[in-house]
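Read through the structure below, which is laid out as structure tokens, and then see the notes.
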Amino acid sequence: MVSRQGMWRVLTVLLLATLVLSGCQGHDSLNVLDPSGSAGQKQLDLIKWSFFLMCGVFAVVITIFIYVLIRFRKRKGIDVMPEQTHGSNTLEIIWTVIPIILLAVLAVPTVTYTFDLADMPREEDSIKVKVTGYQYWWEFQYEGMNIKTAQELHIPVGKKVHLEIHGKDVLHSFWVPALGGKTDVIPGRVNTMWLDAKKPGVYQGKCAELCGAGHALMDFKVIAEEQADFDKWVAQMQKPAVAQTASQKEGEKIFMQNCLGCHAGTNPRIIGPDLNKFGTRTTIAGILPHDEQNLKKWLKDPTSVKPGTLMPKIDYLEPKEMDALVDYLMNRK
Ligand code: CUA
């Protein structure tokens with residue numbers, strides 16, 4: 001028998017858990033229960049299907065349980081043992097066959113959807129993007145468009161996006177909860193998945209595999225736009241960014257001398273993101289709002305922003321040089 005005190009303890013823990021877990025809601029769009037893509041919708045259908053099926057099983061079992069408790073309880077004056085059914089073939093067959101039927105009912109949509117989701121979209125109605133996971137950032141390379149970017153994946157609404165997923169160092173996992181899917185990123189192996197967005201919006205993405213100190217901050221965004229806006233973005237990304245003012249030209253020189261070793265988009269042994277169109281991004285390092293102050297903070301002490309990052313401290317520049325570098329980067333549009 002649970003004491004009254006014990007019961008209160010359990011209730012307190014449940015209440016606190018409810019409060020804490022309710023904090024998980026509301027982070028942009030990290031919600032599998034409110035999908036905005038067809039892959040996410042299929043996965044939610046499966047979740048609902050198995051959840052309600054299990055609710056049915058629970059209801060039947062609990063009803064029989066309560067019925068037996070009441071019907072066969074010990075009553076005053078009646079002291080007969082109910083009929084024992086141990087070893088009944090009929091019962092054994094019933095409770096073997098029912099789970100088989102339930103599993104079959106679950107298996108049909110699961111297998112169908114698994115094949116649907118593994119079926120890559122046809123080239124003519126999709127775009128193809130090579131995704132590469134690094135500790136702790138994401139690179140996106142658009143096939144046939146000559147676009148390479150990081151942390152922000154722009155996609156056109158209503159079009160399937162074929163993702164070819166590569167890993168550069170350790171295991172990561174590519175996950176956009178609201179659009180669906182979670183695919184392992186494995187060095188030396190290429191995994192594929194597709195997703196689409198049904199309406200414009202910014203969908204939060206996460207690395208879903210513990211990959212080191214900066215794992216929790218390995219965020220990215222999927223930015224879904226109407227086709228016309230996407231085309232505009234593509235055109236802008238394909239235009240070379242040219243330093244305009246004297247300060248930006250000075251910044252470009254500093255960039256060449258200090259940053260290009262790791263951030264050269266053409267270097268196959270690249271260890272930092274291509275910063276060619278850095279000015280068009282909405283975040284710094286995938287997590288900080290995109291402004292000059294945050295960029296300086298990141299440059300001067302990257303590990304204070306993202307623990308474990310390979311980005312070295314750029315804390316040796318004169319304030320004027322730092323201003324020029326930041327001016328240059330923020331205007332690479
Ligand atoms: Cu990459 Cu966790």
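For ligands, and for the atoms within them, numbers begin at 1 and follow the listed sequence.
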How about CZ on Arg75, more than 12 heavy atoms from neighbouring residues, nucleotides or ligands closer than 6.0 Å, or not?
yes
Is the shortest distance from a Lys or Arg side-chain nitrogen in Lys160 or Asp125 to a carboxylate oxygen in the other one below 4.0 Å?
no
Got a sec, which pairs hit ring pair (Phe, Tyr, Trp, His ring centres under 6.0 Å) with one end in residues 287-333, sequence neighbours left out?
Phe255-Tyr328, Phe278-His290
Near atom 2 (Cu) of ligand 1, which protein N/O/S atoms are found at less than 2.8 Å?
Cys207 SG, Glu209 O, Cys211 SG, His215 ND1
To the nearest 0.5 Å, how far apart are NE2 in His172 and CG in Leu210?
10.5 Å
Strictly under 6.0 Å, is that where the ring centroids of Tyr142 and Trp233 end up?
yes
Side-chain ion pair, Asp184 and Arg189, N-O less than 4.0 Å:
no
